[in-house]
Number of protein chains: 2
Amino acid sequence: MEIVIDIDSTTPVFTQLMEQIKQAVSSDGLAEGAALPSIRQLANELDVNSKTVAKAYKLLERDNIIQSRGYRGSFVHPEAKRYCGVNVNEWAHDELKATITKLKAKGVTDSELRIAFSNILSNKD
Amino acid sequence: MEIVIDIDSTTPVFTQLMEQIKQAVSSDGLAEGAALPSIRQLANELDVNSKTVAKAYKLLERDNIIQSRGYRGSFVHPEAKRYCGVNVNEWAHDELKATITKLKAKGVTDSELRIAFSNILSNKD
DNA sequence: ATATGTACCATTTATATCGATGGTACATGT
DNA sequence: ACATGTACCATCGATATAAATGGTACATAT
């Protein structure tokens, strides 16, 4: 695990963590099933808050890149590479953009879109 | 035109304007094709900024409730009542929600959606 | 004891956006 | 001259959110 955090970067620390761990899995620097450093251990190594590492781990788990096993620690997901390689981001971007373009063509303003989007993601319907 | 603006309301002024004008059209207080007070005139009457009234008028025109005819002034849309029942915001919300629901079903995370959405609206593609 | 992930509580800083306001200016017409 | 809608420019205050930080505590295990 050679993770480098750039404090001056505009990219959030938890994102840098996610990206580098994902990259390590993709390039086989981290094998599927391999043990990850513990949250506190990595936080101490990189001199960042443990909650920040916990956030990155939690999101990576949601993305099926890693798995948390309580007191046993965190591990690379058995099928992590399958989820790393799938470029759902590009497809999602295009789908979302198509809808937004359609709505804006009907005159929906950006602020209206932001409000609607925010309400949907926070389940405030 | 009996429009009452409540400054202490959490509802924005431009929204109050839109709602009350729509209501007047629905209840035949404002007939289709009838002339509306000019932007500056209404702004002066209600003691609000003309840009705020202009914003409400612009959105009402988008919603086919009113029509602007340049130097001739603003008028109730000839088929305004037909469009009074149509809520552009609701329609946009439903369209957007359908897309988001589809993306999330495919495993797209909220954070990925937020990033994509933000990038699309700011044209940073 | 010590370590694991995790779940709460909270504050701070920075950034973004909203809503409203104001000014200036333009072409168009009466 | 005067009024119409409209398009820019801008500022201000309030609000919301993101990101990171810190503290405390819990059940679970070695």
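Chain naming here is simple, since letters A, B, ... match the order of the sequence lines and numbering starts at 1 in each.
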For the backbone of A:Thr11 and the side chain of A:Thr15, can you confirm whether one donor and one acceptor N or O come within less than 3.5 Å of each other? no
For A:Lys58 and C:dC8, what is the distance between atoms NZ and C1' respectively, to the nearest whole Å? 11 Å
Categorize B:Gln67 for me: base, sugar-phosphate, or nothing, with a 4.0 angstrom heavy-atom threshold over every strand shown. nothing
Check: B:Lys22 and B:Asp63 side chains under 4.5 Å, non-hydrogen atoms: yes
Within this structure, what is the CG-to-C1' distance between A:Leu46 and D:dT21, rounded to whole angstrom? 16 Å
Phosphate-side-chain proximity, B:Ser68 and D:dT4, N/O vs OP1/OP2 below 4.0 Å: no
Point-to-point distance, once rounded to the nearest 0.5 Å, from OG of A:Ser50 to CD of A:Gln41: 13.0 Å
Expressed as a whole number of angstroms, how long is the span from A:Phe117:CZ to C:dA16:P? 17 Å
With respect to the side chain of B:Ser74, which nucleotide from D:dG5, C:dA7, C:dG5 is positioned closest? D:dG5
Would you say that B:Lys51 contacts B:Lys55 through its side chain, given a criterion of any heavy-atom pair below 4.5 Å between the two side chains? no
Nearest-angstrom distance from the residue atom CG of B:Leu121 to C1' of C:dC18: 15 Å
Whole-Å distance separating the CG atom of B:Leu17 from the C1' atom of C:dG19: 13 Å
Looking at B:Ser38, does any N or O in its side chain come under 4.0 Å of the phosphate oxygens OP1/OP2 on D:dT4? yes
Check the distance between C:dC18's P and A:Asn119's CG and give it to me in whole angstrom. 13 Å
Does the pair B:Lys102/A:Glu95 count as a salt bridge with the N-to-O cut at 4.0 Å? yes
Any chance you could list the contact pattern along nucleotides 20-30 of chain C? Use B for base contacts, S for sugar-phosphate-only contacts and - for none, protein heavy atoms under 4.0 Å, 5' to 3'. SBBB-B--BS-
Does the side chain of B:Val88 come within less than 4.5 Å of A:Leu103's, by heavy atoms? no
Is the phosphate of D:dT4 approached by B:Arg72 (side-chain N or O, under 4.0 Å from OP1 or OP2)? no
Whole-Å gap separating C1' (D:dT15) and CD1 (A:Ile115): 12 Å
Any side-chain donor-acceptor pair under 3.5 Å between A:Glu112 and A:Thr109? yes
Measure CD1/B:Ile5 against C1'/C:dG19 and give the value in whole Å, please. 13 Å
